[in-house]
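The structure appears right after this line, and notes come after that.
Heavy-atom basis, side chains included; hydrogens, waters and symmetry copies ignored.
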Amino acid sequence: MGAKFKFDGEKLTEKNKTTTIASVRGNKIFAKTSYSTTANIRGSKIYDGNSATKVVANIRSGYLCSENSSSKIRKMKDIDNEIDGPGEEVKAALWFYFCQ
């Protein structure tokens with residue numbers, strides 16, 4: 001079937017399209033090309049907006065899990081199949097916010 005999305009290290013787009021869905025600068029993710037932070041990543045944890053306390057998801061044992069728990073949302077292997085590109089944590093955050 002192939003991936004539906006492409007991540008080039010800076011922008012998430014639909015496969016074979018040029019419209020930016022999200023952009024990544026450092027450890028922060030922005031909707032489209034906005035300057036308002038949608039999420040940030042620290043280690044294996046994904047935080048909401050600029051927050052350093054509100055964990056929305058984490059990566060644990062090959063799964064994207066909810067908040068700080070081990071409650072599984074999706075296999076990382078499935079996320080890798082949906083989004084072409086580098087970065088496990090970044091792709092997990094992009095999928096969580098923009099692709100599910």
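- Ser23 contributes atom OG, which lies 9.5 Å from atom CZ of Phe7 (distance to the nearest 0.5 angstrom).
- Listed by chain and residue number, nothing satisfies the side chain to side chain donor-acceptor pair (under 3.5 Å) test with Ser70 (two or more places apart in sequence, or in another chain).
- Counting heavy atoms from C-beta outward, Ser66 and Val56 have side chains that stay 4.5 Å or more apart.
- Atom SG of Cys99 sits about 9.0 Å away from atom CD1 of Ile79, to the nearest 0.5 Å.
- Lys75 NZ to Asn81 CG: the interatomic distance, rounded to the nearest 0.5 Å, is 10.5 Å.
- When the side chains of ILVMFWY residues are joined at heavy-atom separations under 4.5 Å, either directly or via intervening members, Val55 and Met76 end up in two distinct hydrophobic clusters.
- A distance of 15.5 Å separates NZ in Lys11 from CZ in Phe5, rounded to the nearest 0.5 Å.
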Enumerate, atom names and distances included, each donor-acceptor pair closer than 3.5 Å involving a side-chain atom of residues 85-95, sequence neighbours excluded.
| from | atom 1 | to | atom 2 | distance (Å) |
| --- | --- | --- | --- | --- |
| Lys91 | NZ | Asp80 | OD1 | 3.0 |
| Lys91 | NZ | Ile83 | O | 3.2 |
| Lys91 | NZ | Gly85 | O | 2.9 |
| Trp95 | NE1 | Glu82 | OE1 | 3.4 |

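- Ile73 and Tyr63 fall into different hydrophobic clusters, defined by Ile, Leu, Val, Met, Phe, Trp and Tyr side-chain heavy atoms under 4.5 Å apart, directly or through other members.
- Judged as a side-chain hydrogen bond (donor to acceptor under 3.5 Å, both in side chains), the pairs with a partner in residues 12-22 (not counting sequence neighbours) are, in order, Lys15-Asp84.
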Side chains of residues 29-48: which donor-acceptor partners sit under 3.5 Å, not counting sequence neighbours?
| from | atom 1 | to | atom 2 | distance (Å) |
| --- | --- | --- | --- | --- |
| Ser34 | OG | Ser36 | N | 2.9 |
| Thr37 | OG1 | Asn50 | OD1 | 3.2 |
| Thr38 | OG1 | Ala31 | N | 3.2 |
| Asn40 | ND2 | Gly49 | O | 2.6 |
| Asn40 | ND2 | Ser51 | O | 3.1 |
| Lys45 | NZ | Asn68 | OD1 | 3.2 |
| Asp48 | OD1 | Tyr97 | OH | 2.8 |

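- Residues in residues 53-63 take part in no salt bridge (Lys or Arg N to Asp or Glu O under 4.0 Å) pair, two or more places apart or across chains.
- Pairing each heavy atom of Ala57 with each of Leu64, the nearest pair is CB-CD1, 3.8 Å.
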